[in-house]
2 protein chains.
Amino acid sequence: MVTIDDVAKRAGLSKSTVSRVINDYPHVSIKKKEKVFEAMKELGYVPNSSARSLRNKKTQMIAVLVPRIMNPFFGQLAESMEIQAAKHGYQLLICQTMYSKETELKHLELLKMRQVDGMILTSIENEWDVVKEYLSYGPMILCNEFEEEATIPTVKFDQIHGGYVATKHLIRQGHKKIAYCTGGQKSNVGQHRRRGFNLALQEYHLSFDERYGFYDAFSIEDGIRIFKHIHQMPDPPTAVFTGSDEVAAGIITGAKEYGVSVPEALAVIGFDNQVITKLMDPKISTVEQPIPFLAKRAVEVMVDRISHKGNDQEVYEYPLELIIRESTVSPIRAVE
Amino acid sequence: MVTIDDVAKRAGLSKSTVSRVINDYPHVSIKKKEKVFEAMKELGYVPNSSARSLRNKKTQMIAVLVPRIMNPFFGQLAESMEIQAAKHGYQLLICQTMYSKETELKHLELLKMRQVDGMILTSIENEWDVVKEYLSYGPMILCNEFEEEATIPTVKFDQIHGGYVATKHLIRQGHKKIAYCTGGQKSNVGQHRRRGFNLALQEYHLSFDERYGFYDAFSIEDGIRIFKHIHQMPDPPTAVFTGSDEVAAGIITGAKEYGVSVPEALAVIGFDNQVITKLMDPKISTVEQPIPFLAKRAVEVMVDRISHKGNDQEVYEYPLELIIRESTVSPIRAVE
DNA sequence: CTGTTAGCGCATTCAA
DNA sequence: TTGAATGCGCTAACAG
């Protein structure tokens with residue numbers, strides 16, 4: 001392995017000078033600088049990253065915790081962050097918690113052993129009280145998920161508004177019996193969406209029938225299962241608010257199988273604006289989350305925090321936008 | 001920051017002893033071992049990973065290069081590898097090349113600067129001659145993609161057979177005019193699929209009409225575009241072999257829009273068996289690639305190579321399986 | 001069984 | 001403007 005010493009010898013200089021050239025220090029004569037570059041090229045030298053990390057106490061790596069990258073939302077978030085991190089000279093270490101407390105904890109240790117300079121949390125499996133203990137080992141920020149009591153930078157979407165506009169849209173299509181599906185009950189993201197949902201209902205003086213609540217909806221299969229349940233209810237809902245496009249797709253798939261027409265007999269709205277929404281027949285109305293913006297800001301805030309800039313209390317909120325397609329609006333009785 | 005020295009002092013021992021306990025060496029008295037554990041716990045000590053890496057010349061990190069994690073095939077591959085790597089005590093560093101030569105090269109440097117112990121390539125953007133230069137810096141293996149001239153371990157699917165069974169299936173449904181879609185022309189994966197395609201054609205003494213070849217098909221949008229092209233051809237194909245479920249989904253979406261019935265007027269077969277195949281109407285016939293097996297083996301081979309075990313020439317090949325659904329077989333004239 | 005010592009490769013004092 | 005010396009935190013000889 002070729003080290004900084006080899007380069008120094010080759011260039012007939014000290015390793016301090018070589019180090020200065022590598023790190024682009026001023027006060028190095030052009031001549032010697034060129035000599036160093038030449039020697040580096042000839043030897044194919046590249047600084048050893050472990051040595052650098054040890055010395056600088058910085059690894060130039062940022063970890064991002066996501067439940068799974070195969071979840072389109074988190075996949076896109078991670079992808080955008082990687083690109084963004086690279087622009088700032090950081091490697092992004094994508095860690096999947098697989099919805100497990102233990103795995104999340106294991107990943108949090110990365111901060112303790114200084115394998116990463118900072119950690120971005122996009123979801124939280126453990127109680128905040130246990131997660132916050134890791135704050136003493138390095139900067140942590142929240143992105144997407146949030147925590148009222150947390151005193152760390154947060155970058156999020158306005159989920160209340162998202163839940164509100166989607167629900168309001170259904171109501172304005174004439175629906176009064178609206179079902180509600182959501183994934184993780186604990187998640188504040190989900191809770192805010194629910195708040196928006198309730199807000200819209202209140203505004204139109206509608207009440208929620210508890211039989212219409214489904215609280216373990218994540219996947220396409222869950223959507224199909226929920227449809228079947230709805231289908232055999234005595235007084236079924238006429239519209240469904242779902243927390244994800246996958247669940248919406250599942251409900252539509254189920255409806256198709258049973259010959260129930262969407263949106264005429266059952267309107268369905270998704271969340272995320274994934275590609276699948278444009279592929280299904282009918283195309284799925286949904287709420288778009290501008291993920292790249294969120295990712296960009298999160299990485300910027302993280303980079304600032306690593307260099308002790310920025311404020312711990314900062315909260316950035318991005319708006320959500322309703323996208324109307326075919327799963328909520330019949331082409332015949334289009335209203336909105 | 002609490003170091004090994006702090007632990008040693010706290011326990012009233014030398015840091016060598018502490019190190020021995022950390023690394024689970026034999027010949028340490030139970031009593032002192034307990035003392036060390038106690039001190040570690042009290043101080044909340046965790047070894048610094050940069051220091052360990054520098055000293056051991058091992059980072060316990062494996063990099064995997066994928067084009068994009070948002071591509072369902074590569075996303076699943078990366079996800080499976082992460083889980084598998086963790087089982088062996090390795091961190092997986094997922095790197096996206098974004099189909100760019102430069103980005104791939106940038107990621108290859110990780111091996112040179114010893115940031116990772118090994119590198120798994122699932123796709124290749126640059127010429128093999130330039131990639132192979134990095135072999136001198138650490139173990140590299142191929143997983144999914146392959147290279148005839150490469151003398152490194154390879155874990156792959158039997159793509160020839162995959163292309164063959166899919167095409168044969170179409171032929172046996174009575175098709176004689178079969179179109180062929182593929183992504184990256186350079187990829188050996190694609191070339192082998194094509195070989196299988198040709199093999200089936202030959203077996204049934206069919207010839208290929210060059211007008212039916214489409215060589216830039218990656219996405220849903222590409223599929224839609226290809227359908228439109230096919231739709232206005234004077235003597236169009238009656239079936240399409242696609243290299244991906246996304247392209248197949250696009251073609252079906254396009255067909256629907258133009259009122260062309262699938263599979264009656266146009267049969268379509270995908271590749272990968274992604275969830276989307278079960279969601280589309282008609283459900284898409286496809287070829288399943290057992291990704292988790294591939295991922296598991298790749299990580300195992302990599303771990304072996306890092307510890308200088310195994311053979312450079314080993315090639316592991318996994319079979320591909322045809323899955324027949326609705327996009328190739330009319331429920332009325334079912335034959336197979 | 002345990003402690004002392006010497007680096008791993010690098011960046012940064014401090015002198016010159 | 002440059003070089004010599006020091007130490008980041010850890011593991012592995014080598015003694016004892």
B/S/- along nucleotides 10-16 of chain D (protein heavy atoms under 4.0 Å) is BBBBB--
Pair B/Y99, B/E104: side-chain N/O donor-acceptor within cut-off below 3.5 Å: no
Examine D/dT2: is either OP1 or OP2 under 4.0 Å from a nitrogen or oxygen in the side chain of A/K32? Give yes or no. yes
Nucleotides bounding contact with chain A, strand DNA chain C, heavy-atom threshold 4.0 Å: C/dG9 to C/dT13
For the helix from C/dC1-D/dG16 to C/dA16-D/dT1, what angle lies between the axis at the first five pairs and the axis at the last five pairs, to 10 degrees? 40°
Would you call A/K156 and A/E317 a salt bridge, taking side-chain N to carboxylate O under 4.0 Å as the test? yes
So, taking the atom named CG in B/D117 and the one named OH in B/Y90, what distance separates them when rounded to the nearest 0.5 Å? 5.5 Å
Salt bridge or not for B/E109 and B/K112, using N-O below 4.0 Å? yes
B/F74: what forms a ring-ring contact (aromatic ring centres under 6.0 Å, His included) with it, not counting sequence neighbours? none
Under-4.0 Å side-chain N/O to phosphate OP1/OP2 contact, A/T17 with D/dG3: yes
Once salt bridge (charged side-chain N to carboxylate O under 4.0 Å, His left out) is applied, do any residues pair with A/R114, and if so which ones, sequence neighbours excluded? none
With a 6.0 Å cut-off on the ring centroids, do A/H192 and A/F146 count as close? yes
So, taking the atom named CD in B/E82 and the one named OG1 in A/T103, what distance separates them when rounded to the nearest 0.5 Å? 9.0 Å
Which pairs of donor and acceptor atoms, one on a side chain in residues 290-305 of chain A, lie under 3.5 Å apart (sequence neighbours left out)?
{"from": "A/K296", "atom 1": "NZ", "to": "A/E300", "atom 2": "OE2", "distance (Å)": "2.9"}
{"from": "A/R297", "atom 1": "NE", "to": "A/E300", "atom 2": "OE1", "distance (Å)": "3.4"}
{"from": "A/R305", "atom 1": "NE", "to": "A/K309", "atom 2": "O", "distance (Å)": "3.2"}
{"from": "A/R305", "atom 1": "NH1", "to": "A/D312", "atom 2": "OD1", "distance (Å)": "2.2"}
{"from": "A/R305", "atom 1": "NH2", "to": "A/K309", "atom 2": "O", "distance (Å)": "3.3"}
{"from": "A/R305", "atom 1": "NH2", "to": "A/G310", "atom 2": "O", "distance (Å)": "3.3"}

Value for CD (B/Q76) from CE (B/M81), rounded to nearest 0.5 Å, stands at 11.5 Å
Quickly work out the A/K9 NZ to D/dG3 P distance and round it to whole Å. 14 Å
